[in-house]
Amino acid sequence: MRIPPSHPRRESLLARERLVEGFREGYVVPQGLIAHGRGECFDYLLGETTIPPALEAERAAVAALLLARHPVISVNGNVAALVPREIVELARCVNAKLEVNLFYRTGEREEAIARVLVEHGAGEVLGVGSDASCTIPELFSERRRVSCRGIYAADVVLVPLEDGDRTEALRKMGKTVIAIDLNPLSRTARAASITIVDNVVRAVPSMVKLARELRGASRDELARIASSFDNERNLKEVIAYIASRLLELARRGGILLYSA
Ligand code: PTJ
């Protein structure tokens, strides 16, 4: 589908096209298309931009990843479709392993997603086939099967577009969990150690940029950034931001601007 460069919703339409392509190629599940629609709805409320509390969370997340002994980035179908190059680049910048981990797991999808990551520059991709032989305790979805050298052993795990159950289970294992979730009210958002309320298509490139900036920082400075972050306070700031933005739009009648 050709989307004119001047189209006001170009970026959003391009993201949809990438997901539809991933769906046609078999690595995005239909449920992933529905999940994206829910995300788009929250993105409207944010004004489709990285808001200040999200940037603060991205900074804390990058500091935590750079400080980690064994950081791992979990990749599902939507992430592979939306930000394949950027997620590989982020892993490289923070020296993290990449692991495929799927809610709707099939061997074909695992392999297809690993292939997409390799095509975009990844070296080793964990979590495929028999590599996913460790189990996250108390988790009953297919997400429980993880790589013993990856998520199972990780101290810090980045989980974009996650479900609440795994976030809670990983926290119970003592791990620092970083979530990227446009819904600030979700169970994932509340259960994670650091929640980035931003679209993955903006959050991941922003984290790459921050990683390049912070790579030269001392461990003390990184520890200060990571430990001064308070997830509950940050989520309250996100909700306050949305509330005041909606009030402002209602006052100005500006809601019409967003009905394209
Ligand atoms: O590829 P699989 O098999 O692992 O399945 C992936 C999906 C996304 C289908 C699976 O993880 C799922 O069902 O997720 P949920 O429980 O629907 O949660 C997805 C969350 O991500 C929701 O809170 C959405 O608001 C949010 N979300 C959707 N699109 C984006 C997003 N957050 C950030 N950026 C997005 N582009």
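Both ligands and their constituent atoms are indexed starting at 1 by order of listing.
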For [atom], which protein heavy atom lies nearest, and how many Å away is it?
atom: atom 1 (O) of ligand 1; value: Arg109 NH2, 2.7 Å
atom: atom 4 (O) of ligand 1; value: Phe103 N, 2.8 Å
atom: atom 15 (P) of ligand 1; value: Arg38 NH2, 3.8 Å
atom: atom 12 (C) of ligand 1; value: Ala35 CB, 4.7 Å

(request) Under 4.0 Å from a heavy atom of Gln31: give me the atoms of ligand 1 that qualify, with their elements. (result) 9 (C)
(message) Check contact between Glu162 and ligand 1, using heavy atoms of the residue and a distance below 4.0 angstrom.
(response) yes
With nothing but distance in play, are any N or O atoms of [X] less than 3.5 Å from an N or O of ligand 1?
X: Val200; answer: yes
X: Asn199; answer: yes
X: Asp181; answer: yes
X: Val29; answer: no
X: Leu82; answer: no

(message) Are there over 12 heavy-atom neighbours, none belonging to Asp230, within less than 6.0 Å of that residue's CG?
(response) yes
(request) Considering non-hydrogen atoms only, spot the tightest contact between Leu67 and Arg219 and give its length. (result) O-NH2, 3.0 Å
(message) By the salt bridge (charged side-chain N to carboxylate O under 4.0 Å, His left out) test, which pairs, at least two apart or in different chains, include something from residues 66-79?
(response) Arg69-Asp155
(message) For a side chain to side chain donor-acceptor pair (under 3.5 Å) check, start with the C-alpha distance between Arg166 and Ser74, then their side-chain angles and the critical distance, and finish with the verdict.
(response) CA-CA 11 Å; Arg166 184 167 69 140; Ser74 179; 2.9 Å; yes
Just heavy atoms, cut-off under 4.0 Å: does [X] contact ligand 1 by side chain, backbone, both, or neither?
X: Glu40; answer: neither
X: Asp198; answer: backbone
X: Arg143; answer: side chain

(message) Can you confirm whether some protein heavy atom lies under 4.0 Å from atom 31 (C) of ligand 1, or whether none does?
(response) yes
(message) Under 4.0 Å from atom 6 (C) of ligand 1, can you find at least one protein heavy atom?
(response) yes
(message) Could you work out, with side-chain hydrogen bond (donor to acceptor under 3.5 Å, both in side chains) as the rule, every residue matching Glu99, not counting sequence neighbours?
(response) none
